[in-house]
Amino acid sequence: MSAQGSDCIKMNSEAPAVELRGIWKRFPGVIANSDINLSVTKGTVHAIIGENGAGKSTLMKILYGMQEPDEGTILINGTELDFESPADAIEAGIGMVHQHFMLADNFTVLENIILGSEPHNGPLINFTAARTKINDIAALNGLSINADALVATLGVGDRQRIEILKVLYRGAKILILDEPTAVLVPHEVNELFDTLRELKKAGNTIIFISHKLDEVLAIADEITVIRRGTTVGAVNPRETRVSSEDLAVMMVGSELPTPETPGNTIRDEVVLDVEHLSVISPSGKAIVDDISFSIRSGEIVGIAGVEGNGQAEILDALMGIVESTGTVKFKLEDISDLSTRKRRELGIGFIPEDRQRQALLLNAPLWENRMLGQQTVAPNSKGLLLTPKSAKADTERIVKQFDVRTPGINVLASALSGGNQQKLIVGREMSGEPKLLIAAHPTRGIDVGAQAAIWDHLRHAREAGLAVLLISADLDELIGMSDTIKVLLRGRFVADANPSTVTPEQLGTAMTGAGKVSA
Amino acid sequence: MKLRRFLTSLIAPLLGVVVSIAVTAAILVFIHASVSGVFSAMLKYGTSPRAETLILNLATTYFLSALAVAIGFKMNLFNIGVNGQYVLGAVAAGAVAGNLTLPKPISLTITILVAMIVGAAWAGVAAWLKVSRGVSEVISTIMLNFIAIAIISFAIIRTSVGTETAMNIRGTKVIPESGMLRGSAFIDPKTKVYGFFFVTIFIGLLYWFVLNRTRFGYDLRATGHSASAARVSGIEAKRMTTITMLISGALAGLVGLPYLLGDAASYNLNFPTDWGFTGIAIALLGRNNPLGIAFGALLWAFLDVSSGQLILEGVPREITTIMQGLIVFVVVMSYEIVRRNQIKSEQNRVAKALEAQAVSA
Amino acid sequence: MNITKQQKLISILGVGIAILSITRTITSNGDLTSAVTISQALGFAVPIGLAGLAGIWSERAGVVNIGLEGMMILGTFGAGWAGYQWGAWAGLVAGVVFGGLGGLLLAVASVSFGVDQIIAGTAINLLATGLTKFLAILLFTDAPGGGQAQSPPITGEIPTITINAIADPLIALHDKGLFFISDTAGLLSGLFFQLSLLTVITALLFIGTAWLLWRTRFGLRLRSAGENPWAADSLGVKVTTYKYMAVTISGLLAGLGGAYLSIASTIYRNGQTAGRGFIGLATMIFGNWRPGGTGAGAIMFGYIDTLRLIDSDNKNVRGLILIGALVVLLIAVFLLRSARRSTGIGFALLGAVLVGAFLVASNFPPEVAQVAPYITTLLVLATASQNLRPPAADGAPFRKGESH
C-alpha cells in the first residue's frame, strides 16, 4: 500500500465505504448485536470474523436492509442512510452474496442475473443487450461464465460466480459475502480469492464474513472481530503483523470455557468398526470415498473438515439414512444392511446437523419429541403401543437433568430457544444408555452455558464407556473433546491429528489439504 | 397450555359457522325471504325424530369418508380419490352380497372385507405410483376417480355385474335381507338408524386409538409434522406412504356401505358418487380429529337434511350448499391464521414464564 | 446430428399423420381423418385447452390449481346467466369474469392467507358447485325456457368460419382415400370447415401466453415466482403481486373455457363441465407445463372425445385402440434403443396387448375412449417424470421475507 502513496492518501481522505456506529439489535430473550462499530475503507477487502453465533449474520442483515437496527447509524460513503428493505441497500450500491445461493435452477444464467432489472424494448426482454452487459461485467471483473447455460447443470463455484455477477449487474460497488467459502472445496476457494482480487482492482469494496482465520489472513486488508454480539477490535494486517493465534484470542476471548476431556478412558472393546465406506451421489461422484476407521468404548473420535467434504454423508451412511457400500460393524455385528430404526434400537444415538429439520417435531409437545427416534423402545412404547405416561415422566427427567429451560413438557418444541432445543435433543439421544453417539455440531449456535453443560454430559458418558463420533466446525471443541482426530478432505481421510499437541491453526491448514499434522 | 390449545382450536370452526350464517342471512334478505323463518324452519325440522335419524344416517357416511381423507392428511398425503375408491368398493360389495345366501354375520363380514379390499387396492395403485414412480397422489387419485366411474358404468351397463333391478334401472343384484344391516328405529318409529352407525362409532374409536396410542400412529403423525425428522428417526417414508394409503383406501371402501346395506340394497347408477369430496370438506372442518370430524359430519348432515324443508319457505334448498362451501372456506383460512398466531403466542408465553421463573429464583 | 425444433415438430407431425393414415386404411374408417371429425375435435379441445392454459398460468407462478374445475363451473354459469339475457358475447364476458373471481378467491386463500393450495382449490370446487346450483334455481327457474338446473337458451351465437374455396377441394381429396395425402387433406380441411371464432381466439391465447411468459419481463418475473420465489423476492420482484395476477388470469381463462361450453351447447346446465377442469390439469402435465405441449394434449384429448361421441357404428373406438397401439409401440422402439430397457419392454408389452385386443375384438365399449385421457396422463407421469420439468417451487408456500 505504501508503494502507491498518493493513491493511499486520496483513499484515506475519502469517507469510508461503510461505517456503522453504535448498532444494537435485540430479539426476544437475546441481544444479537450490542454497540457494533466498524469502518470499511473503500476499495479494500474487509473481513468480519467471529464464531458461529457471535452476531455476524444479524449484522449483515442489518447492513443489507433485511432487518432494521434498534439503535445506531449506518453511513454509506459518508452519508447517513436508513434501510427499510434490501431495495434501499441495493440503491445505495450494496450487494449481498448469500451463503445459501438464491438461484432458479430451471432458469439460464442470464435469466437469473437479469431478473428484476431486465434490459428491455417495451415489454420484451432485450436478450442481446443483457448478454452483452453480462459479458462486459464478467470480463471487467475477471469472471468467466456461459450466460446461456442452465443453472441446474452448474456446480457450486459457478453458482457463486453467478451470485457475484447478479450483485455487480445491479451496480453494486460494495459487496457483502456471507461465509462464501463454507460450501467451496479448496481449489474453488483459491479461485474465489482471485475473483475477489480482481473485484478489488476494478474498484469494488468487499465485506468478507468468515470464521476461518487462515482464509481471512490470506485475503483481507482490514479485519474487524466480533465477539458475543459486539465489535471487540479492528486490525490492519497489511500494517501490523498479526497471527491467526492473535485473531483466535480476540475471537474467542478468555472467559469462554474451553472444552477438554481429562484422562484416558479408552477401553479395549471396539464399538464401531467401519471398513471401506463409500457414498456415491446420484451424479456418480464419490462423496465419501472408501474410508475406514474404528471407535472404541470410552473414546471420542473427531472428524475435522471444511463443511461439504462428506461429513454429513458419513453420518447419514452410519445411520442407514443414505445408501452406502462397505461394512459397518457395531460391536462386532455387521449392521450394514440394517434400517435406521434397527440401528437406533441397537443403541446408537444420533444428534443430526440441522436440529430443527432433522431432530425435532416443532409443532409437537416436548414429550412427543422425547419419543422421536426412540418410539420403538421403553420408556416410549411397549410392543406396538405407546406408553405416554412413562414417556412424559422420562421427559421430566431429561428436562431436569439437562437443564432444559421450559415451563413444562406440554410446551411445543418450537417455543423453546435453540439452546434448550439442543439440550433436549442431547438428553434424548443419551437416554437409554447408548453404546455409540454420533454427534454433528452438538453445541452449534447455542449459548455458552448450555455449551459447557453439553460438554459435561459428553465427558461423563465417555467415562462411563460411551463411544462418540464427533463432527464439529468448532476446532477448539474438536481438539478439546476428541481422543483422536481424523481430517476429512473430499470424502477421504487425509491425516490423523493428536488432539493433545495439535493447534487449531495446524488443523485448519490440514483441512484445506495444505499442511501435514503430527500424528 | 393444553386447554388453551384446545380452546383456540375451536375459534376457526365457530368463526366458519358464524360467517356462513351471516352471509346466508344476507342472501336471504337479498332475495326477500324471511331470515328467522328459514332458520327456524330448518331448526324445527332438523330436530324432529325423523330428521334426526336421517342426519345420523347421512353423518355416518360422511364420517367414514372424512376419516379416510383425514388419515392421509395426517401425514400430508392427499387422498383426493375417496370417490373412486368407495364407488368401486360399493359395487364390488353389492355384487358379492347380492349373490350370498349365508348367515348374516358371515355375509356381512365378507361384504365389508370385499369393500375394504377393493377400496384399498384402488388406493394402492396411487400408492404404488407415488412410491415407485414419484407420481403425486393428488393428480393420480383424480385420474383414478374418473377411471373408476368409467369402470363402474361399464360393469353395470355391459356386464353381468349389472341386472335390471326395480324401476328399470340397472344395478347390482338386490342384496337378500340376510345380507343387509338395516339397523333399528330407536329415534323415530318409522325410520331406522343404519346398523352401520354403530360399526362407524367403533371405527372412530379405533381410529383415535391407532393414531394416539400406537407406534404406527406416532410414526404417521411424526411424518406429517416433519418428513425429514421422521426419516432421521428411523421411519421409512415409502412404507408409511403405502400403508397409510392402503388404510385410507380401505376406510374409503366402507363409505358406500351404510347406505347400501341400510337402505339401497343394490348399487345402481343413481348411487351418489361425490361423498368423497364431502369427506375432504369435513376432514378439513374437523381438523383430522375424530371428534371434530364427528361434529363436522353431523353439521353437514344437518344442513343437508333440514334444507329439505326450505322449499316450503320458498327458498331453494341449495342455499345450504353455499353455507357448506363458505364454512369450509372460512375455516381453512382461519385455521391458518390461528395456527400462525398460536406458535408466536406460545413462544411469547414460554419466554414470559421463563423470565418469571428467573426473577423468582 | 443436430435436429432443430422445426425439424422435430415436422417429423412428429408426419409420423402422427402416418399412424392415423395406417389406421384409417386398415379399419377402412374414413371418419378418423374427416373434416367433420377434425372440426369437432378442435371444438372439444377448446375448453380442455383453455383449462390447461389456465393451469399453466397459475402453476408457472407456483400455485397449484386444483380449483380449475370450480372456476370453469363459474364460467359456464356466468355465460348461461348473461347469455340468455344479452346474447352470446355478453355471456362470454360474464363467464370470463366469473371465472376470474374464482381465481381471485384462490389467490386470496393461498397467497395471502397461506392456506394449502390443494385444500384451497378443493374448497373452491365445493363452493362453486354449491353456488351455481343455488343461483340456477334462483335465477333460472322462473325464466322463460329455463329450469331448476339449466338456463334458458343463450341467444345469438359466436360466428364460425368456413372457407369453402379451401375446404371443399380438401374434402374431395380426403374422400379419394389415398394413403397419407388424403389424410393430410382431411386434417387440413378441418381447419377451414366450421371453425369457431372462439377456437381462433383460443389459439391466439396460446400463442400470446407463450410470448408473454417466455419473452417479456412480465413473464420472466411471473415464472420466477414459480421457480424460486425467495430469490425473486431478494431481487425486488413483487412475488405476491405476480402470484395474484397469475392466479386471477388462470381463473379468467378457466372461466372462458366454461363459457365456451355453455355457449357451444347454447345453454347452461348443472354439471356441464363434467371434470374438464381436471382433464385440463392433465393436459398441462402432459404438455410439460408449456403451451405447445398442452395445446397438443388438448387436441389429442378432444380428438379422442370426438371419436367416442360420433361413433355411430361402433368402430371408432376400435380405430383408437390401433392408433394407441401404434403410438405405444413406437415409444417402445425409442425406449429400447435408449438406455431405458425395462420401461421399453413394458411399453412393448402394452402395445402387444393393444394390438391383440384390436385383432380379437371387433367392437369396444365407449368407456375405453372415456378413460383414455386419464390413463394416458398416468402413463406419462409414471414413465416420463424425469423428462417433465414442473416449476421448481410449484405448490410451495411463500411468505415475503421468510426463507425456505
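Letters A, B, ... mirror the listed sequences (proteins, then strands); counts begin at 1. Atom set for the values below is all heavy atoms of this structure, side chains included, hydrogens, waters and symmetry mates excluded.
Both the backbone and the side chain of S414(A) come within contact range of chain B, with heavy atoms under 4.5 Å apart. For a residue to count as touching a neighbouring chain, one of its non-hydrogen atoms must lie under 4.5 Å from one of that chain's; by this rule Q342(B) does not touch chain A. Both the backbone and the side chain of R405(A) come within less than 4.5 Å of a heavy atom in chain B. Only the backbone of A359(A) comes within less than 4.5 Å of a heavy atom in chain B; its side chain stays farther off. Contact of L372(A) with chain B is made through backbone and side chain together, with heavy-atom distances under 4.5 Å. For chain B, no part of T387(A) is nearby; none of its heavy atoms comes within less than 4.5 Å.
In this structure, R343(A) is not positioned above the aromatic face of F330(A) in the sense of NZ or CZ being under 6.0 Å from the six-membered ring centre and within 45° of the axis.
Note: I112(B) CD1 to L257(B) CG = 6.5 Å, rounded to the nearest 0.5 Å.
Taking chain B as the reference chain and counting heavy-atom pairs below 4.5 Å, the highest number among A364(A), P352(A), S339(A) is found for A364(A). For the set M371(A), Q356(A), M319(A), E345(A), the entry with the most heavy-atom pairs within less than 4.5 Å of chain B is M371(A).
With a 4.5 Å cut-off on side-chain heavy atoms, L424(A) and N369(A) count as touching. Here the side chains of W208(B) and I203(B) are not in contact, with every heavy-atom distance at 4.5 Å or above.
In summary, E396(A) and K400(A) do not engage in a salt bridge, as defined by a charged side-chain N under 4.0 Å from a carboxylate O.
Checking V82(B), I282(B), I80(B), V69(B) one by one against F277(B), the side chain to side chain contact (heavy atoms under 4.5 Å, CB included) holds for a single residue, I80(B).
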